[in-house]
Amino acid sequence: MASSSPLQLLPRGLPAAALLLLLLLVLAPAADALACSSQNITNSTLYSTCLDLPTLSASLHFSYDRANSSAAVAFVAAPPKGEDGWVAWALNPTATGMFGAQALIAFRDAGVMTVKTYNITSTTVRESPISFETWDRATEYNSADGTMRIYAKIKVPAGDPAKLNQVWQVGSSVTNSVPDAHAMAAENLGAKRTLDLVAGTGRSPAPAPTLVPAPVPTLVPAPAPTLVPAPAPTLVPDPPSGVSRIGEGSNGAFLVLSFAFLVSSFFGFY
Ligand SMILES: *[C@@H]1O[C@H](CO)[C@@H](O)[C@H](O)[C@H]1NC(C)=O
Ligand SMILES: *[C@@H]1O[C@H](CO)[C@@H](O)[C@H](O)[C@H]1NC(C)=O
Ligand SMILES: *[C@@H]1O[C@H](CO)[C@@H](O)[C@H](O)[C@H]1NC(C)=O
Ligand SMILES: *[C@@H]1O[C@H](CO)[C@@H](O)[C@H](O)[C@H]1NC(C)=O
């Protein structure tokens, strides 16, 4: 039995098709379902723009008020295990990651959905004031689609409103009113991007680049052709919608089944 694990055997006879499928599966978390258009958010007319964020199936609806440098935001994401979890949206005035993030975190606290502010300084979060003003905060859990929503108006932190450090996150549990640590999957660790509030006002014709500063190849939700080796084009799903749903629903199931089939074919020939 020494070398009988399928994962050890696979590379020896792995056909190109299976490699492609593996590649697509690895890339799957990069591009989640495009949810902006289907979300039924409260007071939707407050928000002129919506971005589907590149990880965690999260979306940000927003409007930017240049006159007084404020913004209305509605963040939407689904906690991994439903309504006992939490969702978070943050701007980080001092760095690109989680530490230093000035966060709004929503969860059910003693039965009531609530949203609180957190100055993130360690993996154990503690409610605290944050460095910019927020008002009209609200939150809700939508049982129809399993998402939690954070609504707020914010005074945009000093600096370039087209280059804000945005961070978001989801977690599956809350203990004694404290959100527990999130998972450490690539999707979680990659949940940060530059946010261009100005593009949302309509001045910039191309909001797309703000979603893809392209630091980490596996997280870039670029169209499939640039990510997939050329040899077997017939195996590549239609870009970008095909790739965007890999790992979810029927397409994900199809890929997993295809992969299982390839593995079993391989053993058949072995
Ligand atoms: C959207 O929300 C409104 C008001 O909350 C509700 O009447 C409507 O049924 C919802 N639509 C969907 C598709 O969830
Ligand atoms: C929606 O708008 C109403 C009326 O302005 C306001 O009372 C309510 O707090 C708003 N809700 C959210 C979630 O923004
Ligand atoms: C900015 O202006 C809008 C209306 O133009 C107002 O609703 C909002 O409260 C103002 N925000 C600040 C921080 O003054
Ligand atoms: C957040 O925490 C850091 C580190 O303790 C501190 O330097 C900073 O002043 C805090 N920010 C706010 C808004 O409290």
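Worth saying up front: this structure is predicted, and the values here are computed from it rather than measured. In listed order, ligands and their atoms are each counted from 1.
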**OP:** Flag Asn43 as yes when one of its N or O atoms lies below 3.5 Å from any N or O atom of ligand 2, and as no otherwise.
**Re:**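 It does: an N or O of Asn43 is found under 3.5 Å from an N or O of ligand 2.
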
Mind listing the N or O contacts between ligand 4 and protein, cut-off under 3.5 Å?
residue: ligand 4; atom: 2 (O); partner: Asn119; partner atom: ND2; Å: 2.3
residue: ligand 4; atom: 11 (N); partner: Asn119; partner atom: ND2; Å: 2.8
residue: ligand 4; atom: 14 (O); partner: Asn119; partner atom: ND2; Å: 3.4

Subject >> Stepwise side-chain contact (heavy atoms from CB on, under 4.5 Å) test for Asn142 and Arg149 >> reply: CA-CA 8 Å; Asn142 184 314; Arg149 289 93 186 274; 3.3 Å; yes

Original post:
Applying the side-chain contact (heavy atoms from CB on, under 4.5 Å) test to Pro79, which of Thr147, Val174, Val87 qualifies?
Top reply: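 Among the candidates, only Val87 passes.
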
Subject >> Rounded distance (nearest 0.5 Å) linking atom CG of Leu53 with atom OG of Ser59 >> reply: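 OG of Ser59 is found 6.0 Å from CG of Leu53.
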
Subject >> Val112 backbone acceptor or donor facing Asp109 side chain under 3.5 Å >> reply: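 Answer holds: no.
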
Original post:
Applying the side-chain hydrogen bond (donor to acceptor under 3.5 Å, both in side chains) test to Gln102, which of Thr94, Thr134, Thr117, Asn119 qualifies?
Top reply: Asn119

Subject >> Phe132 side chain near Val156 side chain, heavy-atom distance below 4.5 Å >> reply: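 Side-chain contact under 4.5 Å: no.
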
**OP:** For Ala138, counting its heavy atoms only, list the atoms of ligand 2 lying under 4.0 Å from any of them.
**Re:**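 Every atom of ligand 2 under 4.0 Å from some heavy atom of Ala138: 13 (C).
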
Subject >> Aromatic plane relationship, Tyr118 with Phe107 - under 30° parallel, 30 to 60° tilted, over 60° perpendicular >> reply: tilted

